[in-house]
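Everything quoted here is computed from the prediction, not taken from an experiment.
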Amino acid sequence: MNTLNNIQIARSGLKSWYSDHARDLPWRLAPSLYGTWLSEIMLQQTRVETGIPKWHLFMDLFPTVDDLSRASEDEVLKAWEGLGYYRRARYLHKAAKIVNETGEFPKSHAAWLTLPGVGPYTAAAIASIGLGEAVAAVDGNVQRVVARWAGISDPVDGKKGAKEVQEVADAWLDHNAPGNHNQAVMELGALVCAPRNPLCDRCPLSSSCVSAFQREMWGVLPTKKPKKKAIRWELTWHIARFQNFTVTIQRPETGVWAKLWAFPETPPSKDFHSLGELMKPVTHLLTHRKIEATIQGWEAPDKDTMESFAAHVGGEVITWEELGQRAMPRLATKIFSDALGQ
Ligand code: SF4
């Protein structure tokens, strides 16, 4: 493991590298606590390239935390569509209501931690970037850079490895510019110390990095605990139609795709005419789940039969246009465009 003697060199190297290489991301160009918070929630499990247009969309639709708190949950989920992990959007919305009721944004790392959807990394990032508080933010990029630099071989998502990474990140922290420092480490992980083929010859840490000297180590570090095997889920959606209408149901409040709109999993009555499979079975991956989806089509003889089916499954009869306005899981939007041409 690297000693802490090289801390000062690493810190100043990061500082000058960041001042030359920081990307012009929109939330950096006109910084605000609200914009920083939004970007940090969006980027938790989303690539920057995907997050940028969504960030602009949110800033257009809900320019202030007050606007976000007053929006309906459906509006927020619809705007979030495509980013996945919808729990983030629901928590963001809940947190916006709390901020609005309180009348101000939290003023410290500890206070940010009390908001729904804000964990230690996000609170540290917001507090350091938005408030100048000296806390080290450790995300996946930082774990990778630190583990390689310091030669930490314990799993970074385990208790011991996480502690080791946090100790180095804390020691590295530039207390005079914690926000820029945290962003520098994350940016280095995104642009230089990439998961595969890190660009050590362009890295400001290379003179003190354990993995730069022992090149075989970056291919191994960081280590993680063994992944849980994905559960296989065979799902059949029954898409009923009559003229321009279909039947949709809102998924339960908890579990996968909570409160999003999708199609019934129960087949309709014999009064419907089967259209067979509307498309080849689709494989869709979620965290810890591998979904094998079959899509069956059904034609109703009249609207009353559609209404009876909707009542039976606890759904609603709506037009395709109305369904397009509702927040759906990514799998449903894919089917919506690929199989139904909507
Ligand atoms: S020198 Fe190489 S392995 Fe070490 S932090 Fe830089 S890019 Fe990563």
Side-chain angles (χ1 to χ4, degrees), residues 25-46 48 50-131 133 248-262 314-316 318-330 332-333 336:
L25 301 176
W27 43 88
R28 288 180 184 161
L29 296 176
S32 68
L33 258 181
Y34 177 55
T36 302
W37 173 36
L38 205 52
S39 71
E40 289 299 339
I41 299 293
M42 283 184 171
L43 297 186
Q44 278 171 7
Q45 274 118 343
T46 301
V48 167
T50 313
I52 289 174
K54 279 291 174 187
W55 185 87
H56 281 300
L57 177 71
F58 263 71
M59 292 303 268
D60 286 345
L61 292 175
F62 320 115
T64 65
V65 68
D66 183 50
D67 297 314
L68 182 60
S69 73
R70 287 173 199 279
S72 71
E73 189 178 73
D74 238 23
E75 285 172 309
V76 176
L77 292 175
K78 184 66 192 166
W80 194 266
E81 204 174 78
L83 288 181
Y85 301 98
Y86 285 82
R87 187 184 295 178
R88 292 180 293 169
R90 277 189 285 272
Y91 281 159
L92 180 72
H93 190 216
K94 266 190 200 168
K97 287 177 188 288
I98 295 170
V99 171
N100 213 25
E101 276 164 23
T102 319
E104 60 182 8
F105 282 109
K107 287 193 159 55
S108 68
H109 172 246
W112 273 99
L113 267 175
T114 64
L115 287 184
V118 178
Y121 158 73
T122 308
I126 299 168
S128 61
I129 298 167
L131 301 169
E133 189 174 336
T248 184
I249 56 167
Q250 191 169 28
R251 294 192 55 87
E253 294 214 358
T254 54
V256 179
W257 298 323
K259 295 175 85 174
L260 299 185
W261 293 87
E316 284 178 43
I318 59 171
T319 63
W320 293 111
E321 290 74 26
E322 285 169 325
L323 182 56
Q325 301 302 313
R326 298 197 180 180
M328 293 186 278
R330 193 190 301 242
T333 52
F336 197 64

With a 4.5 Å heavy-atom cut-off, do Leu61 and Val76 have their side chains touching?
no
Any side-chain heavy atom of Leu38 within less than 4.5 Å of one from Trp27?
no
Working to the nearest 0.5 angstrom, can you tell me the gap between Leu323 CG and Gln325 CD?
9.5 Å
With sequence neighbours left out, what residues match Arg90 under side chain to side chain donor-acceptor pair (under 3.5 Å)?
none
All heavy atoms of Pro106 vs all of Trp112, minimum pair found to be O-NE1, 3.2 Å
Provide the closest heavy-atom pair for Tyr34 versus Phe62 in the form atom of the first, atom of the second, distance.
OH-O, 2.7 Å
Using a cut-off of 6.0 Å, state whether more than 12 heavy atoms not belonging to Tyr91 lie near its atom OH.
no
Roughly how far, to the nearest 0.5 Å, is the CG atom of Leu77 from the CG atom of Leu92?
10.5 Å
Test log, rule side chain to side chain contact (heavy atoms under 4.5 Å, CB included), inputs Leu131 and Leu33
CA-CA 8 Å; Leu131 301 169; Leu33 258 181; 4.0 Å; yes
Mind checking salt bridge (Lys or Arg N to Asp or Glu O under 4.0 Å) for Lys107 and listing every partner two or more places apart, or none if nothing turns up?
Glu104
Over all heavy atoms of both residues, which pair between Leu113 and Ala123 is shortest? Give the atoms and the distance, please.
CG-CB, 3.8 Å
Could I get the full list of side chain to side chain donor-acceptor pair (under 3.5 Å) partners for Tyr121, not counting sequence neighbours?
Glu40
Please check: side-chain N/O of Glu133 versus main-chain N/O of Ser128, any donor-acceptor pairing under 3.5 Å?
no
Examine distances only and state if a side-chain atom of Trp55 and a backbone atom of Met59 form a donor-acceptor pair shorter than 3.5 Å.
no
Quick one about Gln44 and Thr122 (side-chain donor to acceptor, distance below 3.5 Å, no hydrogens or angles considered), yes or no?
yes
Rounding to 0.5 Å, atoms CZ (Phe105) and CG (Leu115) come to a distance of 9.5 Å
Salt bridge or not between Glu321 and Arg326? Use side-chain N to carboxylate O under 4.0 Å.
no
Output for pair (Leu25 CG, Thr36 OG1), nearest 0.5 Å, gives 11.0 Å
Between Val48 and Leu43, the two heavy atoms sitting closest are CA-CD2, 3.9 Å
When rounded to the nearest 0.5 angstrom, what distance separates CE in Met328 from OG1 in Thr333?
6.0 Å
Examine distances only and state if a side-chain atom of His56 and a backbone atom of Gly51 form a donor-acceptor pair shorter than 3.5 Å.
no
Heavy-atom closest pair, residues Asn100 and Ser69:
ND2-OG, 2.8 Å
Check: Thr254 main-chain N/O paired with Lys259 side-chain donor or acceptor under 3.5 Å
no
Arg88 and Thr46 side chains, donor-acceptor separation under 3.5 Å:
yes
Pro31 and Arg28: which non-hydrogen atoms are nearest, and at how many Å?
CD-O, 3.4 Å
One should read off an interatomic distance between Arg251 CZ and Trp261 CH2, to the nearest 0.5 angstrom, of 12.5 Å
Short question: side chain of Glu322, backbone of Thr319 - any donor-acceptor pair under 3.5 Å?
yes
N/O donor-acceptor pair under 3.5 Å between Arg330 side chain and Gly82 backbone:
yes
Presence of salt bridge, Asp74 and Lys78, under 4.0 angstrom:
no
